[in-house]
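Along the sequence shown, residues carry numbers from 1. What you see is a predicted model; the values in this text were computed from it and never measured. For ligands, and for the atoms within them, numbers begin at 1 and follow the listed sequence.
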Amino acid sequence: MTIILRTIAELRAWRDQVPPDQKVALVPTMGALHAGHMSLMGLARDRAEVSIASIFVNPLQFGPSEDLSKYPRPVEADIALLEGAGIDAVFLPPVAELYPEDASTFVVEESVSLPLCGAVRPGHFRGVATVVLKLFNIVTPDIAVFGQKDAQQCVVIERMVRDLNLRIDIVRGPIVREPDGLALSSRNIYLDAADRRAAPAIFASLEAARLAFEAGERNAETLAGIGRAVLAAEPWLKLQYWEVRHPESLAAIETIGPAGALFAVAAHLGTTRLIDNYLARPAE
Ligand code: PAF
């Protein structure tokens, strides 16, 4: 039975009952759960005795022209999925529970949140870091699980955990894909038939660059050029960025060194914005 907790007080009462020798794993989500999320739930269950998911469509991380009001909210179906996955509790707070009207304290990361999505979604990572720190403070998990699909989000959260000395292990769950390579995302439901036909080009562009990397190419611009060329052949898709970056600092690099690199893509299909990535690691 998945326990439904709607207030911070309920959550804390539940948390206080967990024996101190049992680890708690948190999977923060915005709901509209799919197989990608469910793989994160599996990791939470494997890594800790007690598992909790949060479902909260966080207004603070949406820009004024973004999809906050139309973001899917299939709460009953989500709860059924969490039940089926054996998740112990779900935190489902209303907006007013997390944000007092005069809330005036926010978490701003000032380096790894700036490029890539940060450059085109101002305020987005401030919203993410703020809500994630609040969830961490409320749940006090030992482990928190995030999807590698949002690679920059993982980097921002890992940086926050390091910089603010949080005692939480961050686990990244691998990207889950459709058979044609499209990364699972709650936003895929917005794609119409023509968008959906074009969408796998994003993964194809990452694959082309991965193959070149595995064949020994280490020049960042050459690899990004290979990826961009694949997407240029799909005019339905409007590229926002295709970048090869340092995997931890997200700084631009000339050559891929021992740390490897993050290949990161964002593109629009109609009004839907999709992101995807590949973490390139040089062979040991
Ligand atoms: O990845 C998401 O769904 C959200 O950004 C998160 C981490 C739940 C914060 O709202």
Could Lys134 and Phe56 be counted as a cation-pi pair, given that NZ or CZ must be under 6.0 Å from the ring centre and within 45° of the axis?
no

Please list, in number order, the atoms of ligand 1 under 4.0 Å from a heavy atom of Gln61.
4 (C), 5 (O), 9 (C), 10 (O)

Counting non-hydrogen protein atoms only, what is the nearest one to atom 3 (O) of ligand 1? Give residue, atom name and distance.
Met30 CG, 3.5 Å

Atoms of ligand 1, numbered as shown, that sit under 4.0 Å from any heavy atom of Val131
9 (C), 10 (O)

Would you mind checking if Arg47 and Asp169 are paired as a salt bridge, meaning a charged N to carboxylate O distance below 4.0 Å?
no

Charged N to carboxylate O under 4.0 angstrom, Glu158 versus Arg162?
no

If every non-hydrogen atom of Leu43 is compared with every non-hydrogen atom of Gly173, which pair is closest and at what distance?
CD1-CA, 3.5 Å

Which of the numbered atoms in ligand 1 are below 4.0 angstrom from a heavy atom of Asp150?
1 (O)

Considering the heavy atoms of Pro28, write down every atom of ligand 1 situated less than 4.0 Å from one of them.
8 (C)

Pull out every atom of ligand 1 sitting under 4.0 Å from any heavy atom of Thr29, numbered as shown with elements.
8 (C)

Are any of the N or O atoms of Asn58 closer than 3.5 Å to those of ligand 1?
no

In terms of atom number and element, which parts of ligand 1 are under 4.0 angstrom from non-hydrogen atoms of Gln153?
1 (O), 2 (C), 4 (C), 5 (O), 7 (C)

Under 6.0 Å from the six-membered ring centre of Phe213 and within 45° of its axis: does the NZ or CZ of Arg218 meet both?
yes

Before accepting this row, confirm whether a basic side-chain N of the pair Glu221/Arg228 lies closer than 4.0 Å to the acidic partner's carboxylate O.
yes

